[in-house]
Amino acid sequence: MKKTVYFQDLGKDRDYQEVWDLQEALLAESVGVKQYNRAQEKEGKTEFKTPKNHLLFVEHPHVYTLGKSGHIENMLANQDQLQHIHATFVRTNRGGDITYHGPEQLVGYPIFDLDQFKPDIHLYMRNLEQVIIQTLAHYGLHGERSKGETGVWLDVGKPYARKICAMGVKASRWVTMHGFALNVNTDLRYFEYIIPCGIKDKAVASLEQELNRILDMEEVKEVVRNQFIEVFDIELK
């Protein structure tokens, strides 16, 4: 039986902290349901609730975010430079190092109860990567995993290997938050102000750069949604 996932497209120019707060609220709701179920089970009751799964799509204004295990030295811009390029900086509670979010980049935040799928963060991350790999294949691009480097890459093992999708997540009681950032028509100059994901000497890429054309964001969203449906065996509502 397919799992139900409630989809929301939050649109463009949505403040990072605002959407982070929304994720936290949805995660807390799911964790609360799971705590209720455990209490019911301890009392020998058989009536349980099912935590809701969510998938959020959004485009943020220019923002750099640093994961909880990240290194601040990978942020190359000072406050004056950030103001000059109209960007902000936020420390987050996700995994991973530093990355950039901005206009024409598709950011996806799955709030999934992995107990309804499989409680395995490693498998979950590989499935997230698979969603993007299949999305790239739709556009004739060969996306790959790079050993020890989460995300999706092009031309792995070659001098011009480049990352097209960054990922970083957090899980609490097997409920996930944060997610992926796929560069679509992204202004890649903003990556010059950081060492992306803390990985030196490797470039970043976008669909626009690789295909030499501007893509329709709504079309890309539809492709990514379809890959989520296939990889995670879900029904979107």
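Minimum interatomic distance between P110 and T176 (heavy atoms only, all atoms of both residues): O-OG1, 2.9 Å.
Within the 4.5 Å cutoff, no side-chain heavy atoms of H142 are placed close to those of L136. Contact annotation: the side chain of V220 approaches that of L182 to within less than 4.5 Å [non-hydrogen atoms, C-beta and beyond]. Residues N183 and L188 are in side-chain contact: their nearest non-hydrogen atoms beyond the backbone lie under 4.5 Å apart. Side-chain contact between F7 and F228 is absent, with no heavy atoms from C-beta onward closer than 4.5 Å. At a threshold of 4.5 Å between non-hydrogen side-chain atoms, the residues E235 and V5 do not count as touching. When side chains are defined from C-beta on, T150 counts as touching R126, because their heavy atoms get closer than 4.5 Å. The closest side-chain heavy-atom distance from M167 to V152 is below 4.5 Å. Side-chain contact check for F180 versus V169: every heavy-atom pair is 4.5 Å or farther apart.
Applying the side chain to side chain donor-acceptor pair (under 3.5 Å) criterion to E104, with sequence neighbours excluded, gives N185. Every side chain to side chain contact (heavy atoms under 4.5 Å, CB included) that Y36 has, sequence neighbours left out, goes to Q40, K49. Under the side chain to side chain donor-acceptor pair (under 3.5 Å) criterion, K34 pairs with D113, D115, not counting sequence neighbours.
Taking 4.0 Å as the cut-off between side-chain N and carboxylate O, E18 and R14 count as a salt-bridged pair. Using a 4.0 Å cut-off between charged nitrogen and carboxylate oxygen, R189 and E192 do not count as a salt-bridge pair. A salt bridge does not link R38 to E41: none of the charged side-chain nitrogens sits closer than 4.0 Å to a carboxylate oxygen. A salt bridge does not link K163 to E149: none of the charged nitrogens lies less than 4.0 Å from a carboxylate oxygen. No salt bridge links K45 with E47; every basic N to acidic carboxylate O contact stays at or beyond 4.0 Å.
Taking the six-membered ring where the residue is Trp, F117 and F112 present parallel rings, their angle staying beneath 30° rather than reaching 60°. Ring geometry, H60 versus H101: the interplanar angle falls from 30° to 60°, so the pair is classed tilted. Using cut-offs of 30° and 60° for the angle between ring planes, the H54 and Y6 rings count as tilted.
F89 and Y64 have their aromatic ring centers separated by at least 6.0 angstrom.
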message: What verdict does the side-chain hydrogen bond (donor to acceptor under 3.5 Å, both in side chains) test give for R145 and Q130, after you've listed the backbone C-alpha separation in whole Å, the side-chain angles of each residue and the deciding distance to 0.1 Å?
response: CA-CA 9 Å; R145 298 176 179 88; Q130 189 62 31; 3.1 Å; yes

- request: Go through the steps for N226 and Q134 under the test side-chain hydrogen bond (donor to acceptor under 3.5 Å, both in side chains), then give the verdict.
  value: CA-CA 10 Å; N226 288 337; Q134 292 181 193; over 6 Å; no

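Both V90 and L56 are part of a single hydrophobic cluster, where members link through side-chain heavy atoms under 4.5 Å apart.
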